[in-house]
Structures are given as structure tokens and as C-alpha cells.
Amino acid sequence: MPDNSSTIVAEALLEALETMAFVALLPVEDTGTSPPDARRVCMQFAGGSTGGIELVAPFGLGRLLRDNILGGAEDDDPDNGPDDALRELMNVTSGILLRQITADKCDVEMGIPTVERYNAPKDWPVFITQPGALVFDADGHPVAIRAWGLEAIAEAA
Amino acid sequence: MGYNILIVDDSATTRAMIKRTIQMCGIDIASMMEAPDGQAALDMLSRSSVDLVLADLHMPNMTGGEMTRKMRQTDALKGTPVIVVTAEPSIKRLAELAEDGVQAFVRKPFTPEGIRKAISQVLEVTHA
């Protein structure tokens with residue numbers, strides 16, 4: 001697994017955001033600003049090696065993804081649609097990341113992403129200091145992402 | 001005469017994305033139906049005439065692969081083409097989908113051109 005695993009994770013998230021919903025991903029200097037009305041989205045990998053990805057983002061990012069994907073059409077599910085969009089973002093990001101680190105010879109299986117409310121004021125400072133955690137600005141929304149187990153997955157491929 | 005297309009994905013957002021992409025492709029569409037998983041899709045297929053199914057792979061209740069296998073075991077559905085639209089990272093698992101009876105796959109994140117090309121190729125073969 002190359003040392004640029006953080007770059008690979010960032011690029012996977014960037015590609016997913018841009019291709020799905022034309023949302024840009026930029027670096028931030030102030031990582032202390034936690035997302036309001038936050039969600040934690042998780043994907044577990046299973047199989048020969050275990051690992052996963054988790055993402056913390058505001059509900060507002062989910063709404064932005066949904067609005068961009070619907071192309072101006074009214075959202076018929078404004079309460080659940082944004083969470084669903086965040087789950088799909090995780091799904092697509094995970095696929096891109098695993099393809100990249102295993103050169104398409106992926107041994108693990110992707111799970112189904114889960115989303116839950118997240119107490120960002122309390123837990124964000126801890127999340128962003130974990131090994132491998134990255135913080136970005138996605139069209140004005142603070143987003144943090146972290147992946148684990150990637151080295152073992154890459155070696156098994 | 002247009003095609004009746006069934007879109008199967010547990011994400012309503014993705015179903016909307018695929019629907020919108022198909023509408024942009026210039027394909028002659030009579031109707032587009034949606035189902036949230038493989039079992040719901042089979043229920044819909046038993047009631048409605050469908051010319052093409054676009055399905056995710058990883059879904060609760062029933063996966064896209066299981067759904068396709070069951071379609072191939074059903075006389076009325078064995079000829080209905082299936083395109084899998086998926087984030088699945090293993091090219092080996094994607095190639096094995098042909099054994100389930102899947103005609104083509106498109107990887108997520110998909111582009112309008114990728115969807116259009118897959119649909120055109122599959123429908124040309126099916127209706128040749």
C-alpha cells in the first residue's frame with residue numbers, strides 16, 4: 001500500500017462528489033469548525049481482510065447532493081432524501097477507493113452504507129485527530145473522512 | 001413504440017439519477033418504473049411488461065445478482081435483459097455476472113454516455 005493512502009482517499013471522495021453532483025472538494029485550514037446537523041456515514045468491508053470508511057458531513061451537504069442530482073426538480077422526500085444521498089456518496093466513494101488500491105482485483109466485499117445522526121460538537125474534535133482522518137470543504141460544508149484497513153486489503157489483492 | 005424500463009436500486013437518489021440520465025440519452029421511452037430491491041423488482045416484473053432492467057448489485061432483501069438468476073429461471077422473464085449499475089470494485093465479480101444472466105454492467109460513478117452506450121448495445125442485441 002503506497003504511503004499516499006490519504007491522497008487516494010481524498011481523490012476517491014473528490015471523484016465521487018464531482019461526478020455524482022458537481023460538488024467541489026477543497027482543503028481547509030480551520031479544521032475546528034464542526035458540521036451543523038451532522039451525519040456519520042459508514043461502510044464496512046468484509047472478506048479476506050476487514051476495513052472500512054467513515055464520513056462525517058452535515059445534512060446540508062446531503063441536501064446539496066440531492067438538489068444537484070435532481071436538477072432543480074422538487075425533492076419528494078426532503079426529510080430522508082439527503083441522508084440517502086450521503087449513503088450513495090459513501091457507496092460510490094468506497095467503490096472508487098477499493099478499485100484504486102487493489103487495481104480491480106478486490107478481495108473484500110462492500111457492505112451497505114449506514115447513516116446516523118452525529119453529535120459533532122462533542123465528537124468532531126476526536127474524529128479529526130484519529131489516524132488517517134482528512135478534513136475538507138465541500139462547497140462550503142465541512143466534511144471529514146477516514147479509512148482503515150486499506151494496507152491489508154491492498155496486500156491481499 | 002417506446003421501451004418500458006425498470007430501475008432497481010435501494011437508493012432513491014440513485015434511481016432518480018439513473019432516470020434523469022436515461023431521459024437525457026435520447027432513447028425512446030414508454031415508461032420508467034422503480035423498485036427498491038430485487039424482490040420488489042420481481043414483484044413488479046410479474047405484473048408489468050418490462051423491456052429492460054437496470055439494477056444495482058448490493059441491495060437489502062435481494063441482490064441484483066439473485067434477482068437476475070431468478071428472472072432467468074422464470075419463463076416469462078428469461079429474455080428480459082439486465083444491466084447492472086454498480087460501485088462493485090472487483091472486475092472478477094463483475095465478469096461473473098454474465099453467469100447470472102446479466103447482459104452488461106456500468107460502474108458508478110456513471111456518466112450519461114456510459115449509460116446510453118450500455119442501453120443502446122443491449123437493446124440492439126435484444127431486439128435484433
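Residue numbers start from 1 in every chain, and the chains themselves are labelled A, B, ... in the order their sequence lines are given, proteins ahead of strands.
Neither the backbone nor the side chain of E18(A) comes within less than 4.5 Å of any heavy atom of chain B. Heavy-atom distances place both the backbone and the side chain of I69(A) under 4.5 Å from chain B.
Of the residues considered (G111(A), A16(A), G71(A)), G71(A) shows the highest number of contacts with chain B, using heavy-atom pairs under 4.5 Å. Highest contact tally toward chain A, considering only R107(B), E88(B), K108(B), M59(B), is held by R107(B) [criterion: heavy-atom pairs under 4.5 Å]. Taking V92(A), T19(A), L98(A), D84(A) one by one and counting their heavy-atom pairs under 4.5 Å with chain B, the maximum is reached by D84(A).
Looking at I29(B) and N4(B), their side chains never come closer than 4.5 Å, going by heavy atoms from C-beta outward.
Electrostatic pairing of D9(B) and R15(B) does not count as a salt bridge here, judged by no charged N lying under 4.0 Å from a carboxylate O. At a threshold of 4.0 Å, the pair R39(A)-D83(A) counts as salt-bridged, since one of the basic side-chain nitrogens sits closer than that to a carboxylate oxygen.
A donor-acceptor pair shorter than 3.5 Å can be found between the side chains of T33(A) and D30(A). E88(A) and T13(B) form no side-chain donor-acceptor contact under 3.5 Å, judged by distance and modelled atom types alone.
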